[in-house]
Amino acid sequence: MEQHLYEPVHEEFRDLCRRFLAREAVPHHERWEADGIVDREVWRAAGAAGLLGLDVDREHGGGGQRDFRFNAVLDEEIISAGCTGLGFGLHNDVVAPYLTELTTDDQRKRWLPGFCSGELVTAIAMSEPGAGSDLAGIRTTAVRDGDSLVLNGQKTFITNGELADLVVVVAKTAPDQGAHGVSLVVVESGTPGFGRGRRLAKVGLKANDTAELFFDDCRVPAENLIGTENHGFYHLMANLPRERLSIAVAAVAACEKLLALTLEYARSREAFGRPIGRFQHNRFLLAELDTEITIARTFVNHCVAEFNAGRLSVTDAAKAKWWTTELQTKVADRCVQLHGGYGFMLEYPVAKAWLDSRVQTIYGGTTEIMKEIIGRGLGL
């Protein structure tokens, strides 16, 4: 089905992304998975290729394209290439708006050029050992002391956490005010009291570094606070739809990749004297998956267009996130089954995609939280 989302300029950008990934990422990804982290050089190469800071103003070194379709193209191509270790989506889609929309002129001049060049890898630290989806339950504090903020606490499951030079930390600046006492503080690498824990061993996304972060009397300048003090919870809520849209885009791309791999296998793999795709059960299953993926693609593309128009609601972003990620885990499971024993072998891309898919229904807000958001939108 022709989706009518992308224009020729986006397809030209897609070709650039494909060439970059084929040259700079695909040949190294197996080694990155073994190492548990990507090479730092790929970030600088991405910056030089114009793949970072797509919607950052040109005066700060960005692409100047306030068009999420470019972000979506890069997200799709990373998934298509199987380069799930690259944390560009977190950098471009999640962290970028905090640094472009909530910062002062001086802060933008300090951080955005490096953000766009790949010299500054970024992360956002929300989750804690005792607070995942419940952001109001965080315990990390940032207490004012003169012209400084002193941070104490721990974060976990932080994507890009090991490589990150700049981390947007969610902390309580007024602990007695609950969600109304949360602020966003930027902590830079090398700040005394800022430490990183062990490299977390994950089920999937092996090449994507995920770390624990520790703050022990970590003193940062008070000017590193971004947005409005004690208004951080509302800043997070405003930006979460964009994060969830990014996850949904990746989920649909993964579904399409899995289906393409499995169709190729179903046409060539024979059992009982004929290709396995010719058996009615398998043919019907693939027809069902193709239909559901097409419907998911249509809705996600609609959400991208709505986001560009400034109309994507919190509820629709939640719908896109939970539906597409649950579909991704379903498609991955069915495609592994259709591959039989080979589907359980990591040398087959379908096996790695199955492992990588599982976290999609968890991060960015679990499926259950998404349904809670939608239910509240129904007035329940």
Side-chain angles (χ1 to χ4, degrees), residues 1 18 21-22 25-36 38 75-86 89 200-208 210 247-300 320-363 366-367:
M1 178 182 291
R18 286 178 178 171
L21 292 166
V26 173
H28 311 292
H29 205 270
E30 186 175 351
R31 173 173 57 81
W32 292 343
E33 289 184 335
D35 293 343
V38 305
D75 295 340
E76 290 168 359
E77 291 307 313
I78 286 173
I79 294 298
S80 181
C83 296
T84 53
L86 296 174
L200 300 178
K202 308 186 298 294
V203 170
L205 302 180
K206 297 286 190 179
N208 187 279
T210 308
I247 294 170
V249 167
V252 172
C255 289
E256 292 170 339
K257 178 67 173 181
L258 280 160
L259 181 61
L261 289 170
T262 306
L263 284 172
E264 181 180 357
Y265 185 82
R267 294 183 184 114
S268 60
R269 172 68 170 171
E270 293 194 356
F272 305 103
R274 55 177 164 162
I276 64 170
R278 296 282 181 86
F279 291 95
Q280 187 183 64
H281 171 81
N282 295 343
R283 189 166 63 248
F284 279 15
L285 175 58
L286 289 165
E288 290 171 9
L289 296 181
D290 181 57
T291 302
E292 291 180 86
I293 293 167
T294 300
I295 292 169
R297 164 60 69 187
T298 302
F299 183 64
V300 166
K321 198 276 178 183
W322 91 257
W323 179 260
T324 59
T325 58
E326 290 289 346
L327 178 62
Q328 182 182 349
T329 62
K330 173 184 175 180
V331 172
D333 182 75
R334 302 298 190 274
C335 289
V336 165
Q337 187 71 18
L338 284 167
H339 276 75
Y342 292 107
F344 203 62
M345 300 294 107
L346 282 173
E347 63 192 87
Y348 276 70
V350 68
K352 188 169 76 70
W354 177 56
L355 293 170
D356 289 346
S357 70
R358 190 58 190 86
V359 73
Q360 287 276 82
T361 64
I362 299 172
Y363 61 18
T366 64
T367 293

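Everything numeric here is computed off the predicted structure, so don't read it as measured data.
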| message | Rounded to the nearest 0.5 Å, what separates atom CG in D75 from atom OG in S80? | response | 12.5 Å

| note | Quick note, salt bridge (charged side-chain N to carboxylate O under 4.0 Å, His left out) partners involving residues 334-354, not counting sequence neighbours, are E33-K352, K352-D356

| task | For residues A266 and P275, report the shortest heavy-atom separation together with the two atoms involved. | result | O-CB, 3.5 Å

| Distance, nearest 0.5 Å, that separates CD1 of I293 from CG of L259 | 4.5 Å

Donor-acceptor list for residues 277-284 side chains, cut-off 3.5 Å, not counting sequence neighbours:
from: N282; atom 1: ND2; to: I276; atom 2: O; distance (Å): 2.8
from: R283; atom 1: NH1; to: R278; atom 2: O; distance (Å): 2.7

| query | Applying side chain to side chain donor-acceptor pair (under 3.5 Å), which residue pairs with at least one partner in residues 321-333 are found, sequence neighbours left out? | reply | E292-K330, E326-T367, Q328-Q360

| query | Counting distance only, does the side-chain N/O of H29 pair as donor-acceptor with the main-chain N or O of G85 below 3.5 Å? | reply | yes

| Candidate list L327, V331, V300, test side chain to side chain contact (heavy atoms under 4.5 Å, CB included), partner V252, passing option | V300

| note | Correct closest heavy-atom pair for G343 and V336 would be O-CG1, 3.8 Å

| query | Is there a side-chain contact between L338 and L286 (heavy atoms, below 4.5 Å)? | reply | yes

| remark: When rounded to the nearest 0.5 Å, the distance separating CD of E76 from CZ of R18 is 9.5 Å

| query | Are any non-hydrogen side-chain atoms of D290 and T294 less than 4.5 angstrom apart? | reply | yes

| query | Within the distance-only criterion (no hydrogens, no angle test), does the side chain of Y348 pair as donor or acceptor with the backbone N or O of Y342 below 3.5 angstrom? | reply | no

| query | Yes or no on side chain to side chain contact (heavy atoms under 4.5 Å, CB included) for T291 and E288, after CA distance, side-chain angles and deciding distance? | reply | CA-CA 5 Å; T291 302; E288 290 171 9; 5.8 Å; no

| said: Holding to ring-ring contact (aromatic ring centres under 6.0 Å, His included), I want the full list of residues that pass it with Y363, two or more places apart in sequence or in another chain. | reply: none

| request: Would you please test W32 and L86 for side chain to side chain contact (heavy atoms under 4.5 Å, CB included) and show each step? | output: CA-CA 10 Å; W32 292 343; L86 296 174; 3.9 Å; yes

| field | Pairs where residues 250-273 contributes a residue and the test salt bridge (charged side-chain N to carboxylate O under 4.0 Å, His left out) is met, not counting sequence neighbours | value | E256-R297

| remark: On a heavy-atom basis, the closest approach of V26 and C83 is CG2-SG, 3.8 Å

| request: Please list, chain by chain and in numerical order, all residues satisfying ring-ring contact (aromatic ring centres under 6.0 Å, His included) with F344, sequence neighbours excluded. | output: none

| request: For residues N208 and T84, determine if any side-chain heavy atom of one lies less than 4.5 Å from a side-chain heavy atom of the other. | output: no

| query | What's the spacing between L285 CG and C335 SG if we round to 0.5 Å? | reply | 7.5 Å

